[in-house]
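Letters A, B, ... are given to chains in the order of the sequence lines, protein chains preceding strands, and every chain is numbered from 1.
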Protein chains: 2
Amino acid sequence: MDTTQRTDQERSADRRRRELLEAADRVVLRDGPGASMNAIAAEAGITKPILYRHFGDKGGLYAALGQRHTDALLDSLRAALDAPAERRERVEATLDTYLAAIEARPQVYRFLMHPAEGAHPGDQPGEQPADQGFDVGKHSAPLLRRMGEELGKVIEERLDLGPDSQRLARVWGHGIVGMMHAAGDWWLGERPCTRQELVRSLADLLWGRLAAAGDKVGSPGF
Amino acid sequence: MDTTQRTDQERSADRRRRELLEAADRVVLRDGPGASMNAIAAEAGITKPILYRHFGDKGGLYAALGQRHTDALLDSLRAALDAPAERRERVEATLDTYLAAIEARPQVYRFLMHPAEGAHPGDQPGEQPADQGFDVGKHSAPLLRRMGEELGKVIEERLDLGPDSQRLARVWGHGIVGMMHAAGDWWLGERPCTRQELVRSLADLLWGRLAAAGDKVGSPGF
DNA sequence: CTAAGATGTTACCTGCGGTAACTAGGAGTC
DNA sequence: GACTCCTAGTTACCGCAGGTAACATCTTAG
């Protein structure tokens with residue numbers, strides 16, 4: 001049967017692919033993002049062209065690598081978001097899960113947050129410089145986008161937001177993820193407080209303490 | 001007097017520097033981030049080594065270039081934040097100012113948000129692979145950091161947040177900036193609604209509507 | 001007139017992403 | 001067994017980027 005054959009070959013290819021991904025993982029963990037294809041190939045004990053045969057180009061490898069971690073992180077987040085508890089507790093648990101993840105493996109986290117780098121793959125020197133302004137967008141890392149989308153869906157599923165609920169939920173999804181990301185990034189760099197404190201502060205922000213706070217006594221400008 | 005001399009030279013150097021920066025600006029506006037040093041030099045009518053004499057390396061040029069725009073944007077934001085109006089109005093005005101800016105010049109915005117790229121400038125092949133885990137942090141764009149810090153200061157100056165006010169203010173500063181950035185980036189890519197709608201949705205989020213919303217009828221999981 | 005010092009050049013090095021062309025080693029068919 | 005095909009693997013190269021060394025030139029001070 002050639003099904004057996006093909007299955008064997010497929011399995012072999014998949015195994016190689018996974019081995020290569022694990023090697024790449026090790027290199028990224030060691031060298032951070034920007035790890036070179038040469039380095040990855042060397043770590044895997046082979047040479048560059050094989051990587052290119054398996055993943056097309058660097059973007060392909062990085063996408064495959066990123067998806068593994070992204071999937072794993074998203075699973076953790078979903079678990080925290082689905083825990084049977086009060087909303088505030090779930091929010092705090094989710095924030096804490098994310099922060100614990102980036103704290104545990106900062107290199108991986110840095111790697112995931114990197115955009116795709118070069119944006120002119122098929123850039124031919126045509127004489128028309130007309131592309132000035134569009135073609136932008138989606139500069140952010142895919143992880144952020146995916147987290148934002150997923151959170152938006154969860155919010156829309158579970159909360160009653162009246163009319164415009166869909167728009168509101170999506171905006172909030174991306175907004176909250178961005179808040180979490182930026183605060184986490186800053187926190188990771190400066191370590192100004194404990195994780196617990198950071199989580200509570202962010203949850204307080206989401207809980208409307210900004211709106212509820214009173215003006216300071218000598219507050220300028222009205 | 002050699003003061004006059006030096007002043008003349010300094011002025012000349014500064015003028016060149018500004019000219020070069022403006023040329024670089026044009027190139028970045030046209031080619032987006034990742035504009036090459038060759039391209040910038042060509043646009044300025046000179047060759048690479050001059051750029052390197054003026055700015056040291058690519059990071060230096062990009063830093064100088066970034067600071068101009070960052071300063072300009074921060075000025076606009078401060079103005080919106082200082083307007084004589086209710087807090088909610090000021091918050092909305094600030095969000096709108098930021099979004100209008102990134103909407104008006106997406107290429108510049110993309111450029112500003114890019115980190116410093118390469119992280120191994122003086123990488124010597126020492127046999128000690130011991131740097132596994134630290135040295136991370138500050139992966140984010142300087143613009144985000146600066147905005148976060150500034151907003152944190154403003155919040156701490158003006159709001160009465162009880163004890164922990166300093167930590168709370170800084171966390172919120174970075175968190176709100178991140179929210180604004182992520183939502184703006186997503187919005188710029190997909191244009192799912194008007195700017196007004198986005199601004200109101202984000203302000204609603206900051207105003208605690210997330211906490212105030214009721215559960216949906218068939219809400220799963222408790 | 002000469003010497004210094006900035007301004008600018010050409011020509012080069014390194015390292016990266018990416019590819020073309022070639023070489024084993026099995027499986028399948030006659 | 002010889003012939004082919006396919007896959008994993010190699011070496012050697014291209015183009016382009018960032019970055020630098022060494023040389024040329026103009027201006028200005030002494």
Side-chain angles (χ1 to χ4, degrees), chain A residues 1-20 23-24 27-28 31-65 114-125, chain B residues 1-20 23-24 27-28 31-63 65 114 116-125:
Chain A
M1 289 254 210
D2 75 336
T3 29
T4 343
Q5 284 178 2
R6 238 176 43 191
T7 306
D8 273 14
Q9 286 180 190
E10 276 182 6
R11 275 201 190 176
S12 177
D14 272 19
R15 243 187 43 213
R16 287 289 185 271
R17 201 184 148 94
R18 224 163 306 167
E19 285 174 15
L20 297 186
V27 176
V28 164
D31 296 355
S36 83
M37 296 298 265
N38 266 321
I40 294 173
E43 171 71 29
I46 52 164
T47 49
K48 273 195 300 179
I50 304 180
L51 286 182
Y52 284 94
R53 275 223 262 274
H54 273 273
F55 300 101
D57 62 349
K58 185 173 187 173
L61 203 178
Y62 274 41
L65 197 51
H114 255 281
E117 308 265 333
H120 336 243
D123 203 357
Q124 211 156 331
Chain B
M1 291 264 206
D2 74 337
T3 28
T4 345
Q5 285 176 2
R6 240 177 40 194
T7 306
D8 271 15
Q9 285 179 192
E10 275 182 7
R11 275 201 191 175
S12 178
D14 273 18
R15 244 187 42 214
R16 288 289 185 272
R17 202 183 148 93
R18 224 163 306 166
E19 286 174 15
L20 297 186
V27 175
V28 164
D31 296 355
S36 83
M37 296 297 265
N38 267 321
I40 293 173
E43 170 72 29
I46 52 163
T47 49
K48 272 194 300 179
I50 304 180
L51 285 182
Y52 284 94
R53 277 224 264 274
H54 273 273
F55 300 101
D57 63 348
K58 187 174 186 170
L61 204 179
Y62 274 41
L65 197 51
H114 255 281
E117 309 264 332
H120 335 243
D123 203 357
Q124 211 156 328

### Summary
For B:A24 and B:L61, the nearest pair of non-hydrogen atoms, with its separation, is CB-CD2, 3.9 Å
### Task
Any side-chain hydrogen bond (donor to acceptor under 3.5 Å, both in side chains) involving residues 54-63 of chain B? Give me the pairs, sequence neighbours left out, ordered by first then second residue.
none
### Query
At under 4.0 Å between heavy atoms, what does A:S36 touch on the DNA or RNA strands: base, sugar-phosphate, or nothing?
sugar-phosphate
### Query
Taking OP1 and OP2 of C:dG8, is either one under 4.0 Å from a side-chain nitrogen or oxygen of B:T47?
no
### Message
I need the CD1-P distance between A:I40 and C:dC16, as an integer number of Å.
### Response
11 Å
### Message
Using whole Å, what does the distance between atom C1' of nucleotide D:dT10 and atom CG of A:L51 come to?
### Response
14 Å
### Query
Roughly how far, to the nearest 0.5 Å, is the CD atom of A:E19 from the CD1 atom of A:I46?
9.5 Å
### Query
Over how many whole Å does the gap from A:I46 atom CD1 to D:dT7 atom C1' extend?
14 Å
Would you tabulate the nitrogen or oxygen pairs shorter than 3.5 Å linking the protein to nucleotides 18-22 of chain C?
from, atom 1, to, atom 2, distance (Å)
C:dG18, OP2, A:Y52, OH, 3.3
C:dG18, OP2, A:K58, N, 2.8
C:dG18, N7, A:K48, NZ, 3.0
C:dG18, O6, A:K48, NZ, 2.6

#### Entry: Gap between atoms CD and P, on B:E19 and C:dT7 respectively (whole Å)
12 Å
### side-chain hydrogen bond (donor to acceptor under 3.5 Å, both in side chains) partners of residues 37-49 of chain B, not counting sequence neighbours, each pair once
B:R26-B:E43, B:R30-B:E43
### Query
Tell me: CD1 of A:I50 to C1' of D:dT10, nearest whole Å?
8 Å
### Message
Distance check, rounded to the nearest 0.5 Å: A:L65 atom CG versus A:I40 atom CD1?
### Response
7.0 Å
### Message
Distance check needed: C:dA6 P versus B:R15 CZ, whole Å only.
### Response
17 Å
### Task
With sequence neighbours excluded, tell me which residues meet side chain to side chain contact (heavy atoms under 4.5 Å, CB included) with A:R53.
none
### Task
Find the distance B:N38:CG to C:dT10:P and express it as a whole number of Å.
12 Å
### Task
Could you tell me the separation between the CG atom of B:D31 and the P atom of D:dA17, rounded to a whole number of Å?
10 Å
